[in-house]
Engineer: 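Structure in structure tokens, see below.
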Amino acid sequence: MKQLILAILLIIVNCGRLTADIYVESLCPYCMMFIKDSLLTAITTPDIEQMVHIRLIPYGNTKRKIVDGKWVFTCQHGEVECYGDLIELCAQDSIVKALGTVAAEIPKAGVVHCIEDFIQKPYTNNSFVEAAQHCQQYYPYEANEVINCASSAYGELLHLIAADETDNLVPKHKGVPWAVANKQYTEETGDEIINNLLRWACNNYDGEKIAACYTQQE
Ligand SMILES: *[C@@H]1O[C@H](CO)[C@@H](O)[C@H](O)[C@H]1NC(C)=O
């Protein structure tokens, strides 16, 4: 009975929620700026998940094709970026397995921030290995599992899922970071999310707004 009530409450709570799907790449400078500014402010705001479901999809302008029966991915900023996207996809996946889909929402975005905040130039695959090891202390995953995942068939599957979602966007994304509000792209909302996700959520959420909406949002 308790579980049923909880399930119904979750459905009600989730009903009017906004969604913000943000398409990124692990080495794109504007993505890093978004992640370290607008995203960080939003995900460190208490109760933000009551107003908006935030998702980061690391794939962006990557291209893929089949060569000799195998998928080959070409990332905008080189093969290190492909590896970074894989680490981020695998870390998000591990966190979902540890916490469940709903509780993982903010930590999934958080781990991408942690990784992006940790890596330093010159970027190598090892930058992302070390980032996965570093961020393990803050998030519920095993770095070794994430690193293994990144070069496994399962990691490739996660890459393909991100690829399908990104490549099937209507309209097609014209760059990264690319933000889609409530599954329907408009340039205005896309820009608002990239500039200030918290402010956009506060201005657009129809339900009871969280405390942070009534204080500073600059
Ligand atoms: C880095 O990772 C990418 C993507 O998995 C891979 O194609 C590449 O061979 C790796 N590079 C090195 C030097 O290990």
Side-chain angles (χ1 to χ4, degrees), residues 21-36 39-40 54-99 101 104-105 107-169 172-180 194:
D21 299 322
I22 304 128
Y23 300 83
V24 293
E25 293 169 2
S26 65
L27 291 182
C28 118
Y30 285 107
C31 302
M32 293 184 190
M33 283 169 59
F34 160 74
I35 287 168
K36 293 177 192 182
L39 178 77
L40 181 64
I54 301 167
R55 278 193 325 129
L56 289 185
I57 304 94
Y59 185 78
N61 299 327
T62 304
K63 302 274 180 259
R64 58 180 163 155
K65 61 179 179 202
I66 294 178
V67 179
D68 296 334
K70 279 188 181 169
W71 281 107
V72 175
F73 296 87
T74 307
C75 293
Q76 188 180 3
H77 301 91
E79 63 178 34
V80 172
E81 179 164 79
C82 287
Y83 189 73
D85 289 347
L86 282 164
I87 288 283
E88 290 175 1
L89 288 164
C90 289
Q92 292 194 20
D93 185 71
S94 283
I95 293 171
V96 170
K97 285 181 177 143
L99 300 179
T101 321
E105 281 180 19
K108 272 170 69 186
V111 79
V112 173
H113 170 267
C114 184
I115 292 168
E116 294 292 326
D117 199 43
F118 183 83
I119 57 167
Q120 301 286 336
K121 286 180 182 164
Y123 303 124
T124 64
N125 286 9
N126 204 46
S127 311
F128 286 101
V129 167
E130 286 173 4
Q133 287 162 345
H134 166 77
C135 296
Q136 158 181 253
Q137 64 193 303
Y138 306 112
Y139 295 95
Y141 68 82
E142 293 288 333
N144 282 339
E145 281 178 20
V146 167
I147 293 158
N148 288 338
C149 164
S151 36
S152 72
Y154 185 69
E156 183 180 67
L157 179 68
L158 297 176
H159 213 183
L160 287 168
I161 292 169
D164 283 340
E165 178 177 341
T166 307
D167 291 344
N168 289 333
L169 285 172
K172 290 193 179 307
H173 70 287
K174 290 196 198 104
V176 277
W178 183 262
V180 179
I194 298 304

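As the structure is a computational prediction, the values presented were derived from the model and not from experiment. Counting convention: from 1, in listed order, for ligands and their atoms alike.
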Engineer: Say you draw a straight line from OH of Tyr141 to CD of Gln92; how long is it, rounded to the nearest 0.5 Å?
Structural biologist: 11.0 Å
Engineer: To check your reading of the model: name the closest protein heavy atom to atom 13 (C) of ligand 1, its residue, and the distance in Å.
Structural biologist: Glu79 OE2, 4.2 Å
Engineer: Work out which heavy atom in Pro140 is nearest to a heavy atom in Ala98; give both atom names and the distance.
Structural biologist: O-CB, 3.4 Å
Engineer: Please report whether the ring centroid of Phe118 lies less than 6.0 Å from that of His134.
Structural biologist: yes
Engineer: In terms of atom number and element, which parts of ligand 1 are under 4.0 angstrom from non-hydrogen atoms of Leu86?
Structural biologist: 5 (O)
Engineer: Which heavy atom of the protein is the closest neighbour of atom 2 (O) of ligand 1, given with residue, atom name and distance?
Structural biologist: Asn125 ND2, 2.4 Å
Engineer: Can you tell whether the side chains of Arg55 and Glu165 come within less than 4.0 Å, N to carboxylate O?
Structural biologist: yes
